[in-house]
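Both counts, for ligands and for their atoms, begin at 1 and track the order of listing. We're numbering straight along the sequence, starting at 1. Keep in mind that what you see is a predicted model, and the values were worked out from it rather than measured.
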Amino acid sequence: MAENVFDLIVIGAGPGGYVCAIRGAQLGLNVALIDKRSTLGGTCLNIGCIPTKALLHSTEHLHFLQHQAAAHGIVTGDISVDLGQLMQRKNDVVARMTKGVEQLCKARKITVITGSASLGVKGKVSIQNTEGTQEIEGHNIVLASGSVPIELPFLPFDGETVISSDEAMALDKVPEKLVVVGAGAIGLELGSVWARLGSEVSIVEFLPEVAPNYDTDISKQLARSLKKQKLKISTQTKVTGLKQEDGKTFLTAEKGGKEVNFEADKILVAVGRKAFAEGLGLAEAGVETDERGRVKTDEALRTTAQGIWAIGDLIAGAMLAHKAEEEGIAVAERIAGKHGHVNYNLIPNVIYTEPEVAGVGLTEKQAKEQGYEVAIGKFNVQANSRAVAADKTDGIVKVITDAKTDRILGAQIVATGASELIAEITAHMLYGGSAEDMGCTVHAHPTVSECLKEAGLAANGRAIHGL
Ligand code: NAI
């Protein structure tokens with residue numbers, strides 16, 4: 001095969017793209033992976049999931065020292081924050097992970113090219129970088145160029161006062177007043193980080209609840225915990241713009257027909273993300289997009305152009321790293337003649353606040369809308385001995401089942417470590433498990449995971465430590 005001809009060219013080296021490249025290489029394909037960033041890992045590793053987790057963990061320690069240590073008999077004296085060091089540690093975490101991906105690609109003999117790719121005809125891809133333009137050719141091309149933050153037309157990003165998550169995870173000073181627009185994953189996670197670092201944080205949400213993708217009881221439980229941490233939450237509030245008065249900046253909004261203003265040093269707009277395909281030359285290559293600019297795919301993740309596939313945030317569906325990864329694997333397998341498959345019903349969703357919120361499968365609302373006769377098993381984390389010992393009692397575990405068969409349809413958890421706990425329920429669901437199965441699964445004592453067992457039992461009125 002000529003040096004510049006590949007079995008598979010992957011455009012975009014985020015969790016969708018690089019995982020697709022690795023799986024393709026594992027299956028014997030000759031793979032090229034292209035990204036305009038010089039470090040691999042895409043948004044997730046560079047400016048998304050991983051750096052926010054580093055910031056969340058650092059600031060959780062701070063919160064413990066400031067607000068909980070004394071109750072544990074730990075005497076600390078004055079506590080201060082070296083923001084530069086905190087950010088450096090975050091950068092070190094990112095560097096370690098992006099280098100790890102680079103090493104994996106090298107070990108798999110994947111050709112990694114830095115530059116901006118655009119599609120040509122008949123499998124050709126041209127890549128531009130500071131050294132010029134290079135052309136390669138692929139029998140198959142996978143588009144995995146991800147997403148970018150959505151901008152509000154009446155509140156455009158200026159990178160200084162009105163910022164996106166890109167800037168909000170790298171501020172060099174703690175803003176006195178941070179206003180966050182949008183109470184989804186990004187708004188709540190970064191809002192928590194800066195609140196712990198001392199900002200007065202106001203979260204402004206259009207819908208009636210924070211984390212509106214979860215059931216109302218779960219969202220309310222989360223909102224209670226966040227308010228205890230001094231986050232101010234204003235729901236059913238419609239943002240209208242920005243104004244300057246007396247040298248101060250205000251976010252303007254409407255709530256209940258009245259104008260409300262939020263003074264702000266920084267405004268983080270976190271109202272969702274949109275597919276990013278700039279410069280790819282989709283139309284010229286015959287790759288169609290939908291009304292939201294997402295690349296259209298069929299069930300096998302093929303685009304409308306022969307030999308071109310698309311995955312991750314660029315296409316419809318949840319904008320989650322692990323969804324993109326699964327799609328990347330499935331596409332690589334299909335290209336290699338196997339039968340890759342993604343189970344879209346079992347993609348867990350997490351918001352990494354404290355406590356964390358996690359869900360999988362159907363919400364109670366969705367299950368009812370789909371016509372199920374629903375049974376609910378709920379267990380309050382307050383009644384769990386390990387949670388009490390750890391002083392992490394805010395939370396609830398909720399299991400949604402088909403009342404006729406006891407099969408688990410979905411689950412939602414608010415608890416410290418919910419992101420880890422949800423994996424057990426996902427596995428039960430993968431094997432068609434029932435609430436009784438979960439209730440019969442022996443869990444180590446004392447662990448917070450016992451709340452899952454109890455919720456399973458509760459679905460059939462059998463919880464031992466709850467009424
Ligand atoms: P999101 O869709 O999760 O939340 C956006 C929130 O903004 C919603 O609650 C929405 O009702 C609200 N909103 C929309 N327009 C508004 C307006 N004009 N005024 C006030 N509120 C408004 O989006 P987010 O948090 O920006 O995240 C983007 C994507 O990245 C999501 O798909 C998310 O799942 C993903 N992500 C996932 C993370 C995780 O898994 N932990 C972390 C960060 C992002």
Side-chain angles (χ1 to χ4, degrees), residues 14-16 42-57 146-157 162-169 179-193 202-214 216 218-219 222-223 226 233-242 251-255 260 262 264 267-276 292 294 312-326 347-360 413-414 417-420 422-423:
T43 298
C44 172
L45 267 70
N46 288 282
I47 50 166
C49 325
I50 304 307
T52 45
K53 296 315 90 70
L55 295 176
L56 281 158
H57 282 299
S147 62
V148 288
I150 291 178
E151 186 172 67
L152 291 173
F154 45 88
L155 202 59
F157 294 122
V162 184
I163 58 175
S164 73
S165 54
D166 297 4
E167 291 91 21
M169 61 187 78
V179 177
V180 178
V181 183
I186 295 183
L188 296 179
E189 290 180 14
L190 284 168
S192 295
V193 164
S202 305
I203 312 253
V204 182
E205 167 62 45
F206 181 69
L207 293 173
E209 305 292 345
V210 301
N213 293 337
Y214 290 81
T216 307
I218 297 294
S219 298
L222 175 65
L226 295 175
I233 296 169
S234 181
T235 53
Q236 291 181 300
T237 307
K238 186 171 180 284
V239 173
T240 51
L242 193 70
L251 177 90
T252 58
E254 274 171 29
K255 187 177 167 100
V260 276
F262 299 85
I267 298 168
L268 164 60
V269 178
V271 296
R273 298 178 63 88
K274 61 176 183 193
F276 176 78
R292 288 165 62 181
R294 301 174 300 192
D313 286 8
L314 184 63
I315 66 169
M319 287 188 164
L320 296 169
H322 41 284
K323 175 253 193 189
E325 282 183 37
E326 292 307 311
I347 296 179
N349 189 304
V350 178
I351 304 180
Y352 294 83
T353 41
E354 177 53 45
E356 293 174 341
V357 198
V360 67
I413 304 173
V414 183
S419 57
E420 308 286 349
I422 200 69

Trainee: Determine whether T52 and V193 satisfy the following criterion, side chain to side chain contact (heavy atoms under 4.5 Å, CB included), listing intermediate values before the conclusion.
Mentor: CA-CA 8 Å; T52 45; V193 164; 5.9 Å; no
Trainee: Of all the non-hydrogen atoms in the protein, which one sits nearest to atom 10 (C) of ligand 1, and at what distance?
Mentor: E205 OE2, 3.5 Å
Trainee: Look at atom 2 (O) of ligand 1 and say which protein heavy atom is nearest, naming residue and atom and giving the distance to 0.1 Å.
Mentor: G272 CA, 4.1 Å
Trainee: Are L152 and V162 close enough that some pair of their side-chain heavy atoms sits under 4.5 Å apart?
Mentor: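 No, every pair of side-chain atoms sits at 4.5 Å or beyond.
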Trainee: For F206, is at least one N or O under 3.5 Å away from an N or O on ligand 1?
Mentor: yes
Trainee: Report the part of V204 in contact with ligand 1, treating N, CA, C, O as backbone and CB onward as side chain, heavy atoms under 4.0 Å; options are side chain, backbone, both, neither.
Mentor: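 The answer is the backbone.
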Trainee: Considering heavy atoms of the protein only, find what lies nearest to atom 40 (O) of ligand 1 and give residue, atom and distance to 0.1 Å.
Mentor: V350 O, 3.3 Å
Trainee: I need the nearest protein heavy-atom contact for atom 7 (O) of ligand 1: residue, atom name and distance, please.
Mentor: G182 CA, 3.2 Å
Trainee: Output side-chain donor-acceptor pairs under 3.5 Å for residues 203-212, partner residues at least two apart or in another chain, one line each.
Mentor:
{"residue": "E205", "atom": "OE1", "partner": "A183", "partner atom": "N", "Å": "2.7"}
{"residue": "E205", "atom": "OE2", "partner": "L207", "partner atom": "N", "Å": "2.9"}
{"residue": "E209", "atom": "OE2", "partner": "K220", "partner atom": "NZ", "Å": "3.0"}

Trainee: What protein heavy atom sits nearest atom 44 (C) of ligand 1, and how far off is it?
Mentor: I186 CG1, 3.2 Å
Trainee: Looking at E189 and K53, what are the two nearest heavy atoms and their distance?
Mentor: OE1-NZ, 3.1 Å
Trainee: From atom 29 (C) of ligand 1, work out which of H322, R273, E356 has a heavy atom at the shortest distance.
Mentor: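 The residue whose heavy atom sits nearest atom 29 (C) of ligand 1 is R273.
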Trainee: Could you walk me through whether I218 and V357 pass the side chain to side chain contact (heavy atoms under 4.5 Å, CB included) test, one step at a time?
Mentor: CA-CA 8 Å; I218 297 294; V357 198; 3.7 Å; yes
Trainee: Taking only heavy atoms of L207 into account, list the atoms of ligand 1 that are under 4.0 Å away from them.
Mentor: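 Within the 4.0 Å cut-off of L207, ligand 1 contributes 11 (O).
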Trainee: Nearest to atom 4 (O) of ligand 1, what protein heavy atom do you find, and at what distance?
Mentor: G184 CA, 3.3 Å
Trainee: May I ask you to identify the nearest protein heavy atom to atom 16 (C) of ligand 1, giving residue, atom name and distance to one decimal place in Å?
Mentor: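 It is V271 CG1, 3.5 Å.
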Trainee: Would E189 count as a polar contact of ligand 1, with the cut-off being nitrogen or oxygen pairs under 3.5 Å?
Mentor: yes
Trainee: Within this structure, what is the CD1-OH distance for the pair I351 and Y214, rounded to the nearest 0.5 Å?
Mentor: 5.0 Å
Trainee: Enter the distance from H322:NE2 to C49:SG here, rounded to the nearest 0.5 Å.
Mentor: 9.0 Å
Trainee: Return the residue, atom name and 0.1 Å-rounded distance of the protein heavy atom closest to atom 36 (N) of ligand 1.
Mentor: A185 CB, 4.0 Å
Trainee: For Y352, take its heavy atoms, then give the atoms of ligand 1 lying under 4.0 Å from any of them.
Mentor: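 What qualifies from ligand 1 is 41 (N).
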